[in-house]
2 protein chains.
Amino acid sequence: MEVQRNSFRYLFADTVKALFKQSARELANAGIQILPEQHFLLHLIASKEETIQSDLAEMIHKDKSAVMRHIDQLESMGYLIRVNDTTDRRKKHLVITEAGKDIMKQCQEVIDVVTERNLVGITEEELEVFTKVLIKLKQNSEK
Amino acid sequence: MEVQRNSFRYLFADTVKALFKQSARELANAGIQILPEQHFLLHLIASKEETIQSDLAEMIHKDKSAVMRHIDQLESMGYLIRVNDTTDRRKKHLVITEAGKDIMKQCQEVIDVVTERNLVGITEEELEVFTKVLIKLKQNSEK
DNA sequence: TTTGAATCGTTGATTTTGTCAACTATTTTT
DNA sequence: AAAAATAGTTGACAAAATCAACGATTCAAA
């Protein structure tokens, strides 16, 4: 196999695209009107104590205005609210609503199924090496 | 480590993006006016006996019109030509020119450097597992 | 053998997604 | 007190992809 080094990055990109397309489709099929990216944002917000928009922008390596629009959508769908910081009035904290928690649960169920299907034929050890490489790749790309 | 299953797809997407951005930047720095994606297309065309546009579209999972535009650009830059099939007049074969071979070599040199930098700290075996998992993931997502 | 379906390339309109630049309001630094 | 930095917002723009439609051609079926 001579995929390595030469063109693994393309296989890589193509696979990501296929995975995202698939989960976007499955989410839509389940009647969930949310993009995988937005689900991820909810996930990030939920997994931290406090989150403001500029943190998110840095985390996902996108312009703050891009994040802004996602948050706008999520807010208009009622999945989160912006809460003004009491001490620093520039900041707005992102807080997930009950509806937000609900949709996250729904998303998770769909995505779990998709993920399991995607991982068929891949052993636990292989997955472990895979994520390890992934993390290294990302670290290296940030230098 | 609890990256697994839940959010590995996002780490995944983010990493790909970073890698592509980086190689696009390096190519531009080297004065090469070609996108990583276009380099990949040249690579695909070169690695097969005969290639037509709709094959490429299927291979990279994009609409044929998207491929069309890339090919237009590559042709206008003189890196390939469209040659009419003699028996099936709907088809046009994509043939890489000398200039195309030349630019591919230049790209490869740049990308090799970037790739080596990206792969620091990753062993040959790990990379092998990584690509193996990628291939499986891709196959699974296409079902 | 003629009719209808499918394929290939092409184009234009549209959508999605992101960047960039500018601005206001606020806070921090000097 | 002035200058610089930060957070959020908005609008203009750019890149890249999708979708829908079309003409030309080939293939399949009746």
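All of these numbers come straight from a predicted model, not from anything done at the bench. Proteins get letters first, then strands, A, B, ... in listed order; numbering begins at 1 in each. Atoms considered below: every heavy atom in the structure, side chains included; atoms not considered: hydrogens, waters and symmetry mates.
Within the 3.5 Å criterion, the main-chain N or O of A/G78 finds a donor-acceptor partner in the side chain of A/T97. B/Q22 places no side-chain N or O within donor-acceptor distance of the main-chain N or O of B/V114, the cut-off being under 3.5 Å. A donor-acceptor pair is defined here as one N or O able to donate and one able to accept, closer than 3.5 Å; such a pair exists between the side chain of B/K136 and the backbone of A/G121.
Think of the region where chain A sits on DNA chain D: with heavy atoms and a 4.0 Å cut, that region ends 5' and 3' at D/dA5 to D/dT18.
Using bins of under 30°, 30° to 60° and over 60° for the plane-to-plane angle, the ring pair B/H43/B/H39 lands in the tilted bin.
Backbone-only engagement by B/L35 is indicated by non-hydrogen atom pairs under 4.0 Å involving sugar-phosphate atoms exclusively.
The pair A/K62-B/D14 fails the salt-bridge criterion, with no side-chain N (NZ, NE, NH1 or NH2) lying under 4.0 Å from an Asp/Glu carboxylate O.
Applying the side chain to side chain donor-acceptor pair (under 3.5 Å) criterion to A/E109, with sequence neighbours excluded, gives no partner residue. For B/K64, the side chain to side chain contact (heavy atoms under 4.5 Å, CB included) partners two or more places apart in sequence, or in a different chain, are B/A57.
Summarising the geometry of B/K92 relative to B/I52, their closest heavy-atom pair is O-CG2, 3.5 Å, with the distance given to 0.1 Å.
The rotation axes computed at either terminus of the helix from C/dT1-D/dA30 to C/dT30-D/dA1 lie 20° apart, taking five pairs at each end and rounding to 10 degrees.
Projected onto DNA chain C by closest heavy-atom contact, A/Q73 and A/T87 fall at different nucleotides, the more 5' of which corresponds to A/Q73.
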If a protein heavy atom is under 4.0 Å from the base, mark B; if only from the sugar-phosphate, S; if neither, -; do that for nucleotides 6-11 of chain C going 5' to 3'. BBBBBB
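Pairs engaging residues 115-136 of chain A under the ring pair (Phe, Tyr, Trp, His ring centres under 6.0 Å) rule: A/F130-B/F12, A/F130-B/F130 [sequence neighbours left out].
A close approach under 4.0 Å does not occur between any side-chain nitrogen or oxygen of A/H61 and OP1 or OP2 of C/dG18.
Ring centers of B/F20 and B/F40: at least 6.0 Å apart, outside the cut-off.
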